[in-house]
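First comes the structure, then the notes that go with it.
The figures here come from the full heavy-atom set of this structure, side chains too, leaving out hydrogens, waters and symmetry mates. Counting starts at 1 for both ligands and their atoms, following the listed order.
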Amino acid sequence: MGGSVRDLLLGKVPKDFDVATSATPEEVQQVFPRCRLIGRRFRLAHVRKAGALIEVATFRAADPTSGDIEKLNGRILRDNVFGSVAEDAVRRDFTINALFLDPVSGEIRDYVGGYKDLTERRLRLIGDPEVRYREDPVRLLRAARFEAKLGVKPDESTEVPIRKMAPLLKDVPPARLFEEVCKLFLTGHGMRSMEALQRFGLSSTLFPGLRKGSGAGKIHLGVVLRKTLENTDERIRNSKPVTPAFLFAALLWQPVSETAGRLAEQGDSDYNAMMKAAEEAISAQAVRTSIPRRFSAVTRQIWVMQTRFKKTRGKRWKRLLHEQRFRAGYDFLLLRAQEDPSLEPLCEFWTKAQEGIDFSRRGAAGAEPRNRPRRRYRRRTQSG
Ligand code: ATP
Ligand code: MG
């Protein structure tokens with residue numbers, strides 16, 4: 001339902017299938033005893049079938065006035081009053097996400113004009129946009145994401161309130177915003193997501209520590225960040241892995257490099273300056289989006305490596321080549337050189353330094369800790 005019907009109609013391959021049903025999560029569990037019931041704010045069942053994970057949600061009631069629902073200043077904290085399919089449709093966010101495929105008749109059920117909006121490539125929030133954004137401010141980001149991902153354009157009533165409602169993002173749990181940032185930037189349309197966020201004036205709320213750009217709610221988009229977003233999109237087109245660690249290294253590089261530069265001028269060692277700057281930038285961002293430690297640790301390593309790359313005399317530089325994050329740090333250096341040509345000799349040095357080293361055998365050579373699976377960014381399903 002929702003996203004999968006929409007994607008099928010657009011001729012895209014849905015990344016997952018969400019199922020909506022009149023059965024309660026407990027009833028779903030009776031049919032699929034091994035499913036998992038998840039979520040508190042939005043309870044649903046996770047059913048595994050043939051290796052695929054299917055999210056099974058019970059139809060929500062249209063205007064729940066009692067029961068298991070909880071609101072704070074218009075924000076929905078809990079939503080577990082069950083209803084009919086037609087009621088469920090109007091509880092969805094955008095009309096194009098509210099299409100249901102009836103598995104028995106094979107018909108598409110459209111209660112909100114989503115089919116027409118989809119054919120006209122229009123993104124329209126169901127109901128009163130301000131009320132709907134207040135209920136769940138993540139919808140602000142979802143508007144940007146669907147524009148970027150699907151090429152749909154928000155209609156005026158959906159787009160106009162976004163700018164002024166941006167501060168509502170401050171009330172969203174940072175862990176949920178981290179998931180949303182990953183969906184925005186690590187699923188193949190990162191550059192377009194950034195453009196949409198900028199146009200909607202959402203980026204400065206999402207990334208509060210970054211230098212402001214020209215225009216309300218915008219951030220300054222440096223070369224490193226721009227190139228990273230482009231490269232990430234390219235990597236996904238080529239089915240290469242991507243990680244939030246590198247993304248955040250690029251996102252926060254502007255404040256990190258500026259703070260580190262200032263601290264070094266004031267007498268800190270390069271290393272200490274970088275460590276302090278990293279701490280500052282990561283804490284400033286953590287207020288808005290969490291950055292799980294397994295990623296922020298790597299982000300830090302990428303930054304610290306930038307100071308270590310400068311030390312090319314003596315013998316110690318060779319050790320760097322065999323460190324786990326060398327490739328990420330080196331790629332980051334190359335991006336920086338596109339902004340700052342004075343780094344080119346350094347890039348050449350490190351490019352030459354790698355000649356004759358077979359990085360594909362690094363694991364076998366013991367540079368990477370053995371028996372530890374490399375952790376990559378895993379997409380987790382978000383509830384509702
Ligand atoms: P994606 O392609 O990213 O999976 P999606 O539309 O399937 O996009 P999901 O987060 O998987 O997004 O949600 C599935 C469906 O649940 C949506 O299509 C929408 O109908 C509904 N939904 C999801 N999040 C919200 C929300 N914040 N408010 C209202 N309805 C939502
Ligand atoms: Mg989905």
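Look at E55 and you'll find every heavy atom at least 4.0 Å from all atoms of ligand 1. Contact annotation: F94 has no heavy atom less than 4.0 Å from any atom of ligand 1. Using 4.0 Å as the threshold, V138 has no heavy atom nearer than that to any atom of ligand 1.
The backbone N or O of G106 lies less than 3.5 Å from no partner atom in the side chain of D102, so there is not a single donor-acceptor pair. No donor-acceptor pair under 3.5 Å is formed between the side chain of R262 and the backbone N or O of S257.
Residue nearest to atom 10 (O) of ligand 1, selected from R142, R6, E179, R132: R142 (by heavy-atom distance).
Less than 4.0 angstrom separates some heavy atom of G3 from each of these atoms of ligand 1: 5 (P), 6 (O), 7 (O), 18 (O). For ligand 1, the atoms sitting less than 4.0 Å from at least one non-hydrogen atom of F146 are 6 (O), 8 (O), numbered in the order shown with element in parentheses. Atom numbering of ligand 1 starts at 1 in the shown order; those under 4.0 Å from a heavy atom of D136 are 26 (C), 27 (N). Ligand 1 places these atoms under 4.0 Å from at least one heavy atom of K15: 1 (P), 2 (O), 3 (O), 4 (O). Counting atoms of ligand 1 from 1 in the listed order, those under 4.0 Å from a heavy atom of K183 are 10 (O).
Looking only at N/O/S atoms, D16 comes nearest to the Mg ion (ligand 2) through OD1.
Aromatic ring orientation, W350 versus F326: tilted (interplanar angle from 30° to 60°). By the 30° and 60° cut-offs, the orientation of the rings of F207 relative to F185 is tilted.
Nearest heavy-atom pair, A277 versus A260, reported as atom, atom and distance to 0.1 Å: CB-N, 3.5 Å. Scanning all heavy atoms of the two residues, the minimum distance from A264 to A273 falls at N-CB, 3.8 Å.
With a heavy-atom cut-off of 4.0 Å, N97 touches ligand 1 through backbone and side chain alike. Under 4.0 angstrom from ligand 1, the non-hydrogen atoms of D18 all belong to its side chain.
For K276 and E280, the salt-bridge test fails: no basic side-chain N is under 4.0 Å from an acidic carboxylate O.
For the pair R60 and F42, the cation-pi criterion (under 6.0 Å, within 45° of the ring axis) is fulfilled.
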